[in-house]
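I have placed the structure first, in the form of structure tokens, so that the comments after it can refer back to it.
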Amino acid sequence: MADLSVRIGALTLRNPVMPASGCFAVEYAEALDLTRLGALVVKSVSPATRAGNPTPRVAETASGMLNSIGIPSKGLDAYRRDVLPAYTRFDTPVVVSVSADTAESFGQACETLSLPEVAAIEANISCPNLEADGMAFAMLPETTYKAVSAIRRRTSHPLWVKLTPNAGQIALIAKAAEDAGADAIVMGNTVLGMAIDVRTRKPKLGNVMGGLSGPAIKPLAVRLVHQCHRAVRIPIIGCGGIETADDAVEFMLAGASAVQVGTASFRDPAVMGHIIDGLAAYCEAQAVDHIATLTGAVALDAQLTDRWLRFAQQSG
């Protein structure tokens with residue numbers, strides 16, 4: 001049997017498969033053995049109380065879905081009391097995802113959640129930044145560095161930084177996160193999109209625009225992972241349209257050390273278990289002894305790739 005374990009900084013996971021934040025709940029234990037997963041990533045929490053965005057919040061699209069949930073939250077105390085204990089009872093590392101609207105509140109929230117039962121903190125810096133007129137922290141290297149630095153000063157916990165695919169110059173942003181103290185990068189999040197009901201002539205989402213996820217964004221996400229892998233030395237967790245073991249392998253070949261599964265779990269709550277089984281079968285068929293050797297192993301023409309990456313960086 002192949003060794004499916006992977007290392008994300010100081011943390012060793014039994015395999016590279018985990019849920020994406022916001023696409024998973026403890027009730028999935030009814031369809032899936034949660035002790036089989038590499039980690040449990042809990043839905044993002046914010047220090048401020050939030051009601052979330054107006055309904056409707058989800059709309060189906062071709063090869064994916066749009067969502068505009070708005071990260072509803074009852075605050076950190078309620079999260080620690082009512083949410084976290086349900087996840088920490090499993091023999092699987094728990095990753096808490098944090099959202100905040102200023103660098104300082106990010107740091108304070110991550111300090112509060114630096115608990116012994118928490119294996120790592122995922123800082124969702126794709127969220128709006130009040131200090132930059134609502135632009136996401138991860139849109140620029142400077143605001144990325146500021147937010148990650150503020151968090152790093154307040155916690156020694158393993159820190160994963162979740163970037164956005166809506167930014168240009170992703171390699172520079174990933175490098176800024178690494179330089180500020182990130183232990184890993186999660187690449188990435190949803191792509192901003194919109195859908196309109198042609199009969200009512202109204203947007204299908206109450207918030208007008210939302211995040212596109214699912215198979216439609218996978219080629220974009222694979223490209224972003226590859227660019228980040230060439231720019232940083234810390235591990236990358238790939239996310240975006242993963243439905244099968246082959247999808248997960250593709251992300252790993254592009255440079256990911258692990259993967260997160262989101263939209264596919266809405267259709268099949270047991271899909272992550274199928275992906276893990278598929279990864280074991282792939283390794284056996286391909287004579288791969290340790291799945292971690294797949295990371296960044298895509299065969300490329302180095303000269304052509306360097307030329308393309310220079311073009312991509314110059315064009316933003």
### Message
Show, in sequence, the C-alpha distance, side-chain angles and deciding distance for Ser73 and Tyr79, and conclude whether the side-chain contact (heavy atoms from CB on, under 4.5 Å) test is met.
### Response
CA-CA 8 Å; Ser73 174; Tyr79 181 85; over 6 Å; no
Measure from the side-chain N and O atoms of [X] to the backbone N and O of [Y], and report whether any donor-acceptor pair falls under 3.5 Å.
{"X": "Ser63", "Y": "Ala216", "answer": "no"}
{"X": "Asn124", "Y": "Ser97", "answer": "no"}
{"X": "Arg152", "Y": "Thr155", "answer": "yes"}
{"X": "His157", "Y": "Val118", "answer": "yes"}
{"X": "Ser149", "Y": "Lys146", "answer": "no"}
{"X": "Ser21", "Y": "Val42", "answer": "yes"}

Answer yes if [X] and [Y] sit in the same cluster of Ile, Leu, Val, Met, Phe, Trp and Tyr residues linked by side chain heavy atoms under 4.5 Å apart, and no otherwise.
{"X": "Val298", "Y": "Ile185", "result": "yes"}
{"X": "Leu76", "Y": "Ile121", "result": "yes"}
{"X": "Leu172", "Y": "Met139", "result": "no"}
{"X": "Val148", "Y": "Tyr145", "result": "no"}

Are [X] and [Y] packed together at the side-chain level, in the sense that at least one heavy-atom pair is separated by less than 4.5 angstrom?
{"X": "Leu115", "Y": "Leu84", "result": "yes"}
{"X": "Ser257", "Y": "Ile8", "result": "yes"}
{"X": "Trp160", "Y": "Ile236", "result": "no"}
{"X": "Leu140", "Y": "Ile173", "result": "no"}
{"X": "Val261", "Y": "Val17", "result": "yes"}
{"X": "Cys228", "Y": "Ile170", "result": "yes"}
{"X": "Leu212", "Y": "Leu192", "result": "no"}
{"X": "Met18", "Y": "Leu13", "result": "yes"}

Checking side-chain polar atoms at under 3.5 Å, does [X] have a donor or acceptor matched by the opposite partner on [Y]?
{"X": "Asp91", "Y": "Thr35", "result": "no"}
{"X": "Thr263", "Y": "Ser213", "result": "yes"}
{"X": "Ser126", "Y": "Thr164", "result": "no"}
{"X": "Glu122", "Y": "Gln260", "result": "yes"}
{"X": "Ser44", "Y": "Ser99", "result": "no"}

Salt bridge (Lys or Arg N to Asp or Glu O under 4.0 Å) involving [X] - partner list, sequence neighbours excluded:
{"X": "Glu243", "result": "Arg267"}
{"X": "Asp179", "result": "Lys175"}
{"X": "Arg154", "result": "Glu104, Glu111"}

How would you list, by chain and number, every residue that makes a side chain to side chain contact (heavy atoms under 4.5 Å, CB included) with [X], sequence neighbours excluded?
{"X": "Met194", "result": "Ile196, Pro203, Val208, Met209"}
{"X": "Lys218", "result": "Val222, Asp247, Glu250, Phe251"}
{"X": "Ala245", "result": "Leu279"}
{"X": "Ser105", "result": "Pro47, Ala100, Asp101, Thr102"}

Nearest 0.5 Å please: distance from the [atom1] atom of [X] over to the [atom2] atom of [Y].
{"X": "Asn67", "Y": "Glu60", "atom1": "CG", "atom2": "CD", "value": "13.5 Å"}
{"X": "Met187", "Y": "Leu224", "atom1": "CE", "atom2": "CG", "value": "4.5 Å"}
{"X": "Ile242", "Y": "Thr244", "atom1": "CD1", "atom2": "OG1", "value": "9.0 Å"}
{"X": "Ile71", "Y": "Asn53", "atom1": "CD1", "atom2": "CG", "value": "9.0 Å"}
{"X": "Gln169", "Y": "Gln227", "atom1": "CD", "atom2": "CD", "value": "10.5 Å"}
{"X": "Leu66", "Y": "Asn207", "atom1": "CG", "atom2": "CG", "value": "11.5 Å"}

### Query
When you look at Lys43 and Ile69, which way does the side-chain contact (heavy atoms from CB on, under 4.5 Å) test go after all the steps?
CA-CA 11 Å; Lys43 180 173 174 56; Ile69 307 299; 4.1 Å; yes
### Audit row: Asp183, Ile234, side-chain contact (heavy atoms from CB on, under 4.5 Å) steps and yes/no
CA-CA 6 Å; Asp183 295 300; Ile234 56 177; 6.0 Å; no
So which heavy atom on [X] is nearest to which on [Y], and how close?
{"X": "Ala20", "Y": "Gly262", "result": "CB-CA, 4.0 Å"}
{"X": "Ala138", "Y": "Ala167", "result": "O-CB, 3.6 Å"}
{"X": "Ile217", "Y": "Gly240", "result": "CD1-CA, 4.0 Å"}
{"X": "Ala270", "Y": "Ala31", "result": "CB-O, 3.5 Å"}
{"X": "Gly273", "Y": "Leu32", "result": "N-CD1, 3.6 Å"}
{"X": "Ala39", "Y": "Val95", "result": "CB-CG2, 4.2 Å"}

### Query
Please, which pairs that meet ring pair (Phe, Tyr, Trp, His ring centres under 6.0 Å) have at least one residue in residues 93-112, sequence neighbours excluded?
Phe106-Phe137
### Message
With ring pair (Phe, Tyr, Trp, His ring centres under 6.0 Å) as the rule and sequence neighbours excluded, what pairs involving residues 28-65 come up?
### Response
Phe24-Tyr28
### Summary
Given the options Ile237, Ile275, Ile291, Pro16 meets side-chain contact (heavy atoms from CB on, under 4.5 Å) only with Ile291
### Working for side-chain contact (heavy atoms from CB on, under 4.5 Å), residues Met272 and Leu37
CA-CA 8 Å; Met272 286 183 283; Leu37 299 180; 3.7 Å; yes
### Message
By the side chain to side chain donor-acceptor pair (under 3.5 Å) test, which pairs, at least two apart or in different chains, include something from residues 1-16?
### Response
Asp3-Ser5, Arg7-Thr12, Arg14-Thr92
### Query
Which residue pairs satisfy the side chain to side chain donor-acceptor pair (under 3.5 Å) criterion with at least one member in residues 275-297, sequence neighbours excluded?
Arg36-Asp277
### Task
For atom CG of Asp82, decide whether the heavy atoms of other residues, nucleotides or ligands shown that lie under 6.0 angstrom number more than 12.
yes
### Message
For residues 16-30, which residue pairs pass the salt bridge (charged side-chain N to carboxylate O under 4.0 Å, His left out) check, not counting sequence neighbours?
### Response
none
